[in-house]
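Note that the coordinates shown come from a computational prediction; the quantities given were computed from them, not determined experimentally. When a ligand or atom number is given, it counts from 1 through the structure's own listing order.
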Amino acid sequence: MAETTNSIPGRGGIWERPNSLWEATAPPPPSLSTLKDSVQADVLVIGGGFTGLSAALHLVEAGKRPVVLEASELGRGASGRNNGQVIPTLTRPDPDDLVARFGPVDGERFVALVRDSASYLFDTVRRLGIDCAAEQAGWIQPAHTPGRIKISQRRVEQWGRRSADVELLDRARVRDLLGTDYYHGGWINRTGGHINPLALVRGLAAKAVQAGASVYVNSPALSVERRNERWVARTPEGEVTADALILGTNGYAAGVFPNIRTEVVPILSWQMATAPLGDNVRKTVIPGRQAMSDTHGDLRFMRWTADNRLVTGGALLIPVNGPERLKAIVGARLAEMFPQLAGVTFDYVWNGRIAMTTDYFPRVHRLGPNGFGWAGCNGRGVALSVSLGRELAHAAAGRDTRELALPFTEPTPLPFNSLLQRVGPLKLLQYRWNDSQEI
Ligand SMILES: Cc1cc2nc3c(=O)[nH]c(=O)nc-3n(C[C@H](O)[C@H](O)[C@H](O)COP(=O)(O)OP(=O)(O)OC[C@H]3O[C@@H](n4cnc5c(N)ncnc54)[C@H](O)[C@@H]3O)c2cc1C
């Protein structure tokens with residue numbers, strides 16, 4: 001997918017209001033304005049998604065004055081468009097991979113952050129009383145070939161060694177849990193689950209604002225510079241000066257820090273929600289209401305909503321006529337797995353940009369004195385970004401970063417990034433080939 005930017009970041013293009021179930025059902029956001037002044041802050045936070053809003057919340061709780069700049073509306077990036085699966089693992093790297101990459105201290109600290117990230121999200125929702133249809137029902141990764149059970153075994157062994165609430169599931173158990181004989185086994189992490197993601201975005205923002213954070217929408221940071229040992233961001237009509245900086249722009253980054261923006265390749269992922277289904281059908285498909293994402297590279301995933309819609313989706317090589325083609329493709333997949341879903345209709349289809357890295361590791365950075373940020377969720381960022389927002393807030397508030405779960409690396413911008421964005425979707429061909437193999 002080619003990058004679509006606008007002369008003013010945040011308006012139109014990739015920031016268009018999506019035709020999503022979440023836009024239709026999330027409680028309204030708090031009333032927020034555009035920055036039209038020069039303001040001072042302890043911490044400047046760029047990005048109004050989970051990362052930025054979690055950081056803002058933790059900053060006010062630590063007694064700091066954050067100012068959040070959001071280029072568009074809150075949640076117009078990935079945070080308001082995702083499947084809402086709260087998953088306490090990364091896409092590819094397993095705990096031992098993280099330790100091998102970041103070392104025994106920083107690596108294990110980051111592994112613990114990922115392990116606890118789903119529980120931390122649900123605990124935060126409960127602690128603050130955020131209305132976001134949160135269900136901590138568990139997360140299941142079923143194996144679509146017998147060979148991929150070794151992925152389940154490896155993950156259960158590595159997470160189990162670190163006291164995560166995980167269990168290996170044999171074929172019969174997966175059949176009972178999911179209501180389909182399509183899979184060969186798998187594993188469950190009981191701390192996972194699902195939320196209405198846009199409701200969580202708006203809820204985090206409301207709580208942060210109530211506690212004293214300043215959040216501005218339609219206020220893109222057009223430039224960020226160091227001036228008199230402070231951070232200064234310019235917006236179309238205002239300016240923020242702050243002691244510390246947090247960058248939470250991920251796959252929707254525009255304008256600032258091009259070396260961070262170009263180290264990820266945004267890939268389009270499509271989401272879709274069925275019409276509400278009858279309770280008789282609902283009880284036969286994932287009756288325990290866990291979230292599910294399987295081992296396909298061309299991922300199959302789904303979760304229930306409170307009003308009995310299945311929220312699922314897929315990927316396309318070419319996005320032309322995406323909604324109609326996906327209704328046919330994903331509808332057929334659902335019917336293959338659950339014959340009782342044949343002919344199911346979809347009320348909403350939308351998409352969003354997932355920030356991919358070439359090795360599937362997220363990137364956490366120091367951006368300068370008291371400046372911190374991250375990018376590269378690789379599609380597993382709901383739980384991760386809430387916890388990373390907390391850690392970035394602690395760093396910006398002055399905590400010793402050696403005590404925090406922030407595995408810093410140097411930015412690694414990808415040469416020919418815009419070309420990679422165009423050819424990135426072709427990776428789907430490789431995924432589909434691998435998916436059909438016994439690996
Ligand atoms: C379609 C889709 C499905 C997904 N499904 C799941 C899932 O089920 N489970 C899961 O764990 N993960 C999922 N993810 C990943 C997850 O949504 C992201 O990792 C997470 O939302 C990232 O949050 P963030 O706050 O870091 O970034 P974002 O939510 O993308 O927020 C970045 C914000 O920065 C703003 N911004 C950019 N530039 C500027 C600027 N110059 N000035 C001011 N603001 C700026 C943008 O407008 C945007 O609002 C999915 C992602 C997508 C796209």
Side-chain angles (χ1 to χ4, degrees), residues 5 8-11 13-15 18 20 22 35 44-56 68-91 114 117-118 121 139 192-195 197-198 200-201 204-205 215-224 233-236 240 246-258 260-261 264 266-272 291-293 299 301-303 311-315 349-356 362 373-386 388-389 392:
T5 49
I8 300 186
R11 314 257 164 92
I14 60 170
W15 289 275
S20 78
W22 314 131
L35 181 67
L44 162 64
V45 179
I46 304 179
F50 292 141
T51 300
L53 296 168
S54 169
V68 180
L69 294 180
E70 164 52 45
S72 181
E73 300 295 334
L74 298 180
R76 275 299 158 80
S79 297
R81 296 168 183 264
N82 59 66
N83 196 256
Q85 297 205 13
V86 183
I87 306 174
T89 71
L90 301 182
T91 310
V114 176
S117 59
L121 183 150
W139 175 75
H194 46 89
I195 49 156
L198 188 60
L200 179 58
V201 167
L204 286 171
V215 180
Y216 295 98
V217 291
N218 297 308
S219 304
L222 300 177
S223 66
V224 179
R234 193 174 52 79
T235 70
V240 184
I246 292 175
L247 185 71
T249 52
N250 230 314
Y252 278 78
V256 293
F257 292 98
I260 311 289
R261 184 164 55 81
V264 300
I267 296 290
L268 212 55
S269 165
W270 293 80
Q271 307 291 308
M272 44 213 300
M292 179 281 252
S293 315
L299 198 63
F301 53 92
M302 64 193 79
R303 39 74 50 102
V311 190
T312 178
V349 183
W350 69 98
N351 62 38
R353 292 154 59 110
I354 292 184
M356 301 298 294
W374 85 284
C377 72
N378 290 285
R380 290 278 161 82
V382 170
L384 183 66
S385 51
V386 171
L388 273 177
L392 296 171

**Q** Geometry only, no angles: is Gly251 polar-contacting ligand 1 at N/O separations under 3.5 Å?
**A**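 N/O-N/O distance under 3.5 Å: no.
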**Q** I need the atoms of ligand 1 closer than 4.0 Å to a non-hydrogen atom of Arg81, numbered in the order shown.
**A**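 Near Arg81, meaning under 4.0 Å from one of its heavy atoms, ligand 1 has 1 (C).
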**Q** Any non-hydrogen side-chain atom of Arg76 less than 4.5 Å from a side-chain atom of Pro18?
**A**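 Yes, at least one pair of side-chain atoms sits under 4.5 Å.
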**Q** Consider every N or O of Gly379 and every N or O of ligand 1, then say whether any pair is closer than 3.5 Å.
**A**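 It does: an N or O of Gly379 is found under 3.5 Å from an N or O of ligand 1.
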**Q** Kindly identify the option in Ala71, Cys377, Gly47, Ala118 whose heavy atom sits closest to atom 19 (O) of ligand 1.
**A**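 Nearest option to atom 19 (O) of ligand 1, by heavy atoms: Cys377.
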**Q** Donor-acceptor check, side chain of Trp350 to backbone of Arg81, threshold 3.5 angstrom: yes or no?
**A**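 Confirmed, Trp350 side chain pairs with Arg81 backbone.
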**Q** Can you tell me if Ala254 contacts ligand 1 (heavy atom of the residue under 4.0 Å from the ligand)?
**A**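 It does; at least one heavy atom falls under 4.0 Å.
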**Q** Do you know which two heavy atoms are closest between Trp270 and Ala315, and how far apart they sit?
**A**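 In this case the closest contact between Trp270 and Ala315 is CD1-CA, 4.5 Å.
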**Q** What residue and atom, counting heavy atoms only, is the protein's closest point to atom 36 (N) of ligand 1, and at what distance?
**A**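 Nearest protein contact, heavy atoms only, for atom 36 (N) of ligand 1 is Thr249 CG2, 3.7 Å.
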**Q** Any side-chain heavy atom of Ser117 within less than 4.5 Å of one from Pro88?
**A**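 Yes, side chains in contact.
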**Q** Any idea which protein heavy atom is nearest atom 22 (C) of ligand 1, and the distance to it?
**A**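 Sorting protein heavy atoms by distance from atom 22 (C) of ligand 1 puts Asn250 ND2, 3.8 Å first.
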**Q** Between Leu74 and Val68, is there a side-chain heavy-atom distance shorter than 4.5 Å?
**A**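 No. Closest side-chain heavy atoms not under 4.5 Å.
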**Q** Heavy-atom contacts with Leu69 under 4.0 Å: which atoms of ligand 1 show up? List them by number with element.
**A**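 So the answer, numbered in order with elements, is 43 (C), 44 (N).
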**Q** Go through the side-chain N and O atoms of Asn218 and Glu73 and say whether any donor and acceptor fall under 3.5 Å apart.
**A**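 Looking only at side-chain atoms, Glu73 and Asn218 do form a donor-acceptor pair, the distance falling under 3.5 Å.
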**Q** Any side-chain to backbone donor/acceptor pair from Tyr252 onto Ala78? Under 3.5 Å, distance only.
**A**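 A pair under 3.5 Å: no.
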**Q** Taking all non-hydrogen atoms of both residues into account, name the closest pair between Gly48 and Leu53 and its distance.
**A**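 Nearest heavy atoms, Gly48 then Leu53: O-CD1, 3.7 Å.
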**Q** If you measure every N or O of Gln271 against every N or O of ligand 1, does any of those distances drop under 3.5 Å?
**A**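 Between Gln271 and ligand 1 (N or O atoms, distance only) the closest approach is not under 3.5 Å.
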**Q** Nearest non-hydrogen contact with atom 42 (N) of ligand 1 belongs to which option: Ala221, Ala291, Gly352?
**A**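 When every heavy atom of Ala221, Ala291, Gly352 is considered, Ala221 comes closest to atom 42 (N) of ligand 1.
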**Q** Would you say Ser269 has any N or O atom under 3.5 Å from an N or O of ligand 1, going by distance alone?
**A**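 So ligand 1 has no N or O lying under 3.5 Å from an N or O of Ser269.
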**Q** Select one of side chain, backbone, both or neither to describe which atoms of Arg353 lie under 4.0 Å from any atom of ligand 1, heavy atoms only.
**A**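 It is the backbone that touches ligand 1; the side chain stays farther off.
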**Q** For ligand 1, note which part of Phe301 has a heavy atom under 4.0 Å away: side chain, backbone, both or neither.
**A**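 Phe301 to ligand 1: no contact under 4.0 Å from either part.
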**Q** Hey, does Gly381 come in under 3.5 Å of ligand 1, counting only N/O atoms on both sides?
**A**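 By distance alone, the answer is yes.
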**Q** Which pair of non-hydrogen atoms, one from Pro220 and one from Pro9, has the smallest distance, and what is that distance?
**A**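 Scanning both residues, the minimum pair turns out to be CG-O, 3.4 Å.
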**Q** Any side-chain to backbone donor/acceptor pair from Arg303 onto Gln85? Under 3.5 Å, distance only.
**A**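 No.
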**Q** Does ligand 1 have any atom sitting under 4.0 Å from a heavy atom of Gly10?
**A**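 So Gly10 does not count as touching ligand 1.
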**Q** Any atoms of ligand 1 less than 4.0 Å from a non-hydrogen atom of Gly84? List them with their elements.
**A**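 Near Gly84, the atoms of ligand 1 are 8 (O).
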**Q** Should Ser79 be counted as touching ligand 1, given the test is an N or O pair under 3.5 Å?
**A**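 There is such a contact, yes.
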**Q** Of all the non-hydrogen atoms in the protein, which one sits nearest to atom 24 (P) of ligand 1, and at what distance?
**A**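 Result for atom 24 (P) of ligand 1: Thr51 OG1, 3.5 Å.
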**Q** Quick one: does any side-chain atom of Thr312 pair with a main-chain N or O of Phe301 as donor and acceptor, under 3.5 Å?
**A**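 Yes: the side chain of Thr312 pairs with the backbone of Phe301.
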**Q** Just so I know, are the side chains of Leu388 and Thr51 near enough to count as touching, which here means a heavy-atom distance under 4.5 Å?
**A**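 Heavy-atom side-chain distance check fails, nothing below 4.5 Å.
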**Q** Check contact between Pro220 and ligand 1, using heavy atoms of the residue and a distance below 4.0 angstrom.
**A**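 In this structure, Pro220 qualifies as a contact of ligand 1 - some heavy atom is under 4.0 Å.
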**Q** N/O to N/O below 3.5 Å, does that happen between Asn82 and ligand 1?
**A**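 Such a contact does occur with ligand 1.
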**Q** Between Val382 and ligand 1, is there a nitrogen or oxygen pair with a distance under 3.5 Å?
**A**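 For ligand 1, there is an N or O atom that lies under 3.5 Å from one belonging to Val382.
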**Q** If you measure from each non-hydrogen atom of Asn83 to ligand 1, which part falls under 4.0 Å: side chain, backbone, both or neither?
**A**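 For Asn83, backbone and side-chain atoms both sit under 4.0 Å from ligand 1.
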**Q** Checking the side chain of Ser219 only, and the main-chain atoms of Leu35 only, is there a donor and an acceptor separated by less than 3.5 Å?
**A**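 Yes: the side chain of Ser219 pairs with the backbone of Leu35.
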**Q** Got a donor-acceptor contact below 3.5 angstrom from the Ser79 side chain to the Phe50 backbone?
**A**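 Yes.
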**Q** Side chains of residues 376-385: which donor-acceptor partners sit under 3.5 Å, not counting sequence neighbours?
**A**
| from | atom 1 | to | atom 2 | distance (Å) |
| --- | --- | --- | --- | --- |
| Asn378 | OD1 | Thr357 | N | 3.0 |
| Asn378 | ND2 | Thr357 | OG1 | 3.1 |
| Asn378 | ND2 | Tyr360 | O | 3.3 |
| Asn378 | ND2 | Gly376 | O | 3.1 |
| Arg380 | NH1 | Thr89 | OG1 | 3.3 |
| Arg380 | NH1 | Leu90 | O | 3.2 |
| Ser385 | OG | Gly381 | O | 2.4 |
| Ser385 | OG | Val382 | O | 3.3 |

**Q** Is the closest side-chain heavy-atom distance between Val386 and Val86 below 4.5 Å?
**A**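 Side chain of Val386 against side chain of Val86, heavy atoms only: no contact under 4.5 Å found.
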**Q** What atoms of ligand 1 come within less than 4.0 Å of a heavy atom belonging to Tyr252?
**A**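 In order of numbering, the contacting atoms are 30 (O), 37 (C), 38 (N), 46 (C).
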**Q** Name the closest protein heavy atom to atom 51 (C) of ligand 1, giving the residue it belongs to and the distance to 0.1 Å.
**A**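 Heavy-atom neighbour on the protein nearest atom 51 (C) of ligand 1: Ile354 CG1, 3.6 Å.
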**Q** Please report which non-hydrogen protein atom sits nearest to atom 48 (C) of ligand 1, along with the residue it belongs to and the distance in Å to one decimal place.
**A**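 That would be Glu70 OE1, 3.5 Å.
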**Q** Using non-hydrogen atoms of the residue, decide whether Gly248 is closer than 4.0 angstrom to ligand 1.
**A**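 In this structure, Gly248 qualifies as a contact of ligand 1 - some heavy atom is under 4.0 Å.
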**Q** Quick check: does Ala78 get an N/O under 3.5 Å from an N/O on ligand 1?
**A**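 Yes, since at least one N or O of Ala78 sits under 3.5 Å from an N or O of ligand 1.
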**Q** Report, in ascending order of atom number, the atoms of ligand 1 lying under 4.0 Å from any heavy atom of Ile46.
**A**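 Checking each atom against Ile46, I get 40 (C), 42 (N), 43 (C), 44 (N).
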**Q** Do Leu200 and Leu121 come close enough that some side-chain heavy atom pair is under 4.5 Å?
**A**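 Yes, their side chains come closer than 4.5 Å.
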**Q** Within the 4.0 Å heavy-atom shell around Gln85, which atoms of ligand 1 are there?
**A**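 What qualifies from ligand 1 is 7 (C), 8 (O), 9 (N), 10 (C), 11 (O).
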